[in-house]
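Worksheet: one structure, shown below.
Note that the structure is predicted; figures quoted are calculated from it, not measured. By convention in this document, chain letters (A, B, ...) are assigned in the order of the sequence lines, proteins followed by strands, and residues within each chain are numbered from 1.
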Amino acid sequence: MSRVKALLIAAVVLLLGRGRPKRERRPEHRIVPPGPADRRAENLVLLLFGGVTACGVAFIVFYAIDKLGHETQWLGLALGLAFALLTLACIVIARRLVVTEELPEPYPEDHPDEVETIAELIDESGSRFTRKRLVTLAGAGALGTLGLAALTPAASLGPALDTSALKKTPWRRGRRLVDESGKPIPAADIEAEAFYTAYPEGADRELIGSPLVVVRIGPGNAGVVAYSKICTHAGCAIALYRKPTFPDTQPGPALVCPCHYSSFDPAKNGKVIFGPAGRPLPRLPLEIDGEGNLRAAGGFSGPVGPSWSGVRR
Amino acid sequence: MIRRLVRFVDQRSGGAPFVRKALRYVFPDHWSFLLGEVALYCFILLVATGVYLTLFFEDSRSQTVYHGSYKPLQGETMSRAYESVLHLSLDVKAGLLMRQTHHWAANVFLAAILLHVLRVFFTGAFRKPRDLTYVIGLAMLFTAFLEGYLGYSMVDDLLSGMGLAIGYSVALSLPVIGANLGLLLWGGPFPGSPSFIPRIYIAHVLIFPLLIIALLTLHLVLVASRHHTQFRESPKTTEKQVVGIPAFPGQAPRSLGLMFAVFAVLFLLGGLVQINPIWLWGPYHVGEATNGAQPDWYLGWLIGALRLVPGFDLTVGGYTLVPNPFWGGALFPVVILFVLALWPWAERRVTGDDAFHNLLERPRDNAWRTSLGAAFLTWIFLVFMSGSADRVTVWLGLDYSAQIWAYRVLIWLVPLLVFFAVRRACRELLAWEQIRSD
Ligand code: FES
């Protein structure tokens, strides 16, 4: 117990004691002007540093306790407060404990003489060349070509010259449509005012040319239509099926892309009725097989997904 | 002790004269000069938290089935990239704190740079001899836009996948070279080859940060070598001399304080305010999308531009020449960059003023620049606002297409009004000052 007491007293003395007055070497003139001591500000800074230490400890403790270690709030609070207290300490130091001087300093100027010398130096160094232009040109050509050669391997990054890959889709005549879980889709199951996503059976789903939206625009088998699910504007997936809110003034339902709200009319071959898309949604012709399931009757009516410079529409 | 340390360093580097000068380098005092500093401190924290995140991230799009601790996504197919970020966010102690702080820091970083650019623009700080410093700053701003975009794109959640699809379409839409460039960068048609995520990962954690560090160093060296600009506050502040607080001891605790304040705010935000909760978005699949998707705020102007452009492609005889995303996604930002970057030279040409300028102008002192700048800014800001029209539809029920049509008109009309209003305001303010001083 007495050791604790002694430690406490030692700590208090350390914190509040004046310490041994240092024998100051007094220089002839100071660089930083003198200012009065401010013990209250000093105490405040000590207190703030104490707070920072406490917050640091708190962070470590929170982290170590399994339950709190996953509480982002407590961790953030401890770390944030530590820095906040550190900020306050800096402010007190800046305002009360170091001298705020105001010094003038000349702006740097330019150096016309040096510029002249450099230009001369370069000029004179080349005076033994008789065909400066030609040599410069040849040198630039050589280095340029070499640079180009060094960049050439970058062409391996992708099939840059063969753009035919952009047009490929897995849809062929006879390919069955399946839903998310891989089950075939009976035409009779497609209901009006609902929105279905379909994929090509047995093909990669993570291709722009794969996903379809299937909706019903009329009765019977002929009333079921399928379009590419990828917006022709910038490649997002169509995710909304907007039913007309004002049937008198608005046309029928629209397939809407959530990225920039291009809207396509499923009853008019995917025509753009609103938004930035520049061409209709490609339609996939459908047929019904013997079991009543939906199958592709051919390829898309146009290129799928975002357009590129040079694509045939 | 200190003397011995300094002597040790000086005898080995000869750096004492330089350090002595640096310690007494003066900083003029004005709150608006701190914006650039805030950006710098954000960047430091971005690097620190970012390094931590790289230790957990898996840059792979190979698919796996989720069996982690988060119940709603049990059994879903997702990329390893997304799975690793889920794991980092939900299972790693302090992982989410670091990730959210990183994301917040990115948002504040961009905001600080942007405000800094505005400060520099509207006070004429970009004039000779600091035009080059300004252009390097702009380069940093645009690099930071891309850097932020890549950062949240590589997570491969549903939102980042949609963002990448749009980025891919913009690349594809570049006239003539679009398809080749898109295929090159993505390594094949969207969503690209398996090496695409590793590519944007290395760009995000190495290439772009190095670029930013290089530009930042150049920027700071140029700032220091030409000294800070200052407002004409007292007879002592002139074109010939700068007046301010020396780096040491006066400025050091102030700057450190600001740095700690930035860290405090970012860690508090990262701890207490949720940002980009990727577990709610779910994994990305080409055929899926979410409604009401919004990017980080600093890309809002591009979303707005993509949404405002009327629906048309430029075509020639059945062939597409320029697809639609080009206008909003590529031309719009490039025009803005060029206008901003060429401004110092344009201004010099028009005014014939080729002198050195160390003293700043208050915005009112240069009515032409201020009003033109304000109009330009309004134009961009309205495009930015139009990007949130869908939110307004959800909150207030205003018809979306009506809003878009209104914006298509307003983005041209309002800047015009702003131009005249601001020019008038500048002149009135000056006249009023004149009367007061008489
Ligand atoms: S991606 Fe569909 S509207 Fe832009």
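- Checked against the 6.0 Å centroid threshold, A/Tyr227 and A/Phe264 do not count as a close aromatic pair.
- Not one N or O on the side chain of B/Arg226 forms a donor-acceptor pair closer than 3.5 Å with the backbone of B/Lys128.
- Chain A forms the most heavy-atom pairs under 4.5 Å with one residue out of B/Phe356, B/Tyr400, B/Trp186, and that residue is B/Tyr400.
- When each of B/Gly250, B/Gly257, B/Gly161 is scored by its heavy-atom pairs under 4.5 Å with chain A, the top score falls to B/Gly257.
- When heavy atoms are compared at a cutoff of 4.5 Å, B/Thr320 approaches chain A by way of both its backbone and its side chain.
- The candidate from B/Leu164, B/Val243, B/Leu256 with the greatest count of non-hydrogen atom pairs under 4.5 Å with chain A is B/Val243.
- Heavy atoms closer than 4.5 Å to chain A are found in the side chain of B/Gln100, but not in its backbone.
- Listed options B/Ile177, B/Leu258, B/Leu266, B/Asn180 were ranked by heavy-atom pairs under 4.5 angstrom with chain A; first place goes to B/Asn180.
- The contact between A/Ala84 and chain B is made by backbone and side chain atoms together, counting heavy-atom distances below 4.5 Å.
- With a threshold of 4.5 angstrom between heavy atoms, B/Leu174 approaches chain A through N, CA, C or O but not through any side-chain atom.
- In this structure, chain B has heavy atoms under 4.5 Å from both the backbone and the side chain of A/Ile31.
- Contact annotation for B/Val92: only backbone heavy atoms (N, CA, C, O) come within less than 4.5 Å of a heavy atom of chain A.
- Interface residue B/Asp91: only backbone heavy atoms are found under 4.5 Å from chain A.
- Residue contact with chain A, scored on non-hydrogen atoms closer than 4.5 Å, involves the backbone of B/Leu90 exclusively.
- Looking at B/Thr237, neither its backbone nor its side chain comes within 4.5 Å of chain A, counting heavy atoms on both sides.
- Tested against B/Asn324 for a side-chain hydrogen bond (donor to acceptor under 3.5 Å, both in side chains), the candidates A/His260, A/His233, A/Arg279 yield a single pass: A/His233.
- Of the two parts of B/Arg199, only the side chain, counted from C-beta on, holds a non-hydrogen atom closer than 4.5 Å to a non-hydrogen atom of chain A.
- A donor and an acceptor atom, one from each side chain of B/Ser79 and B/Asp156, are located under 3.5 Å apart.
- For B/Pro310, the part lying under 4.5 angstrom from a heavy atom of chain A is the backbone only.
- With a threshold of 4.5 angstrom between heavy atoms, B/Phe312 approaches chain A through N, CA, C or O but not through any side-chain atom.
- Interface residue B/Gln230: backbone and side-chain heavy atoms are both found under 4.5 Å from chain A.
- Neither the backbone nor the side chain of B/Ser255 comes within contact range of chain A, judged by heavy atoms closer than 4.5 Å.
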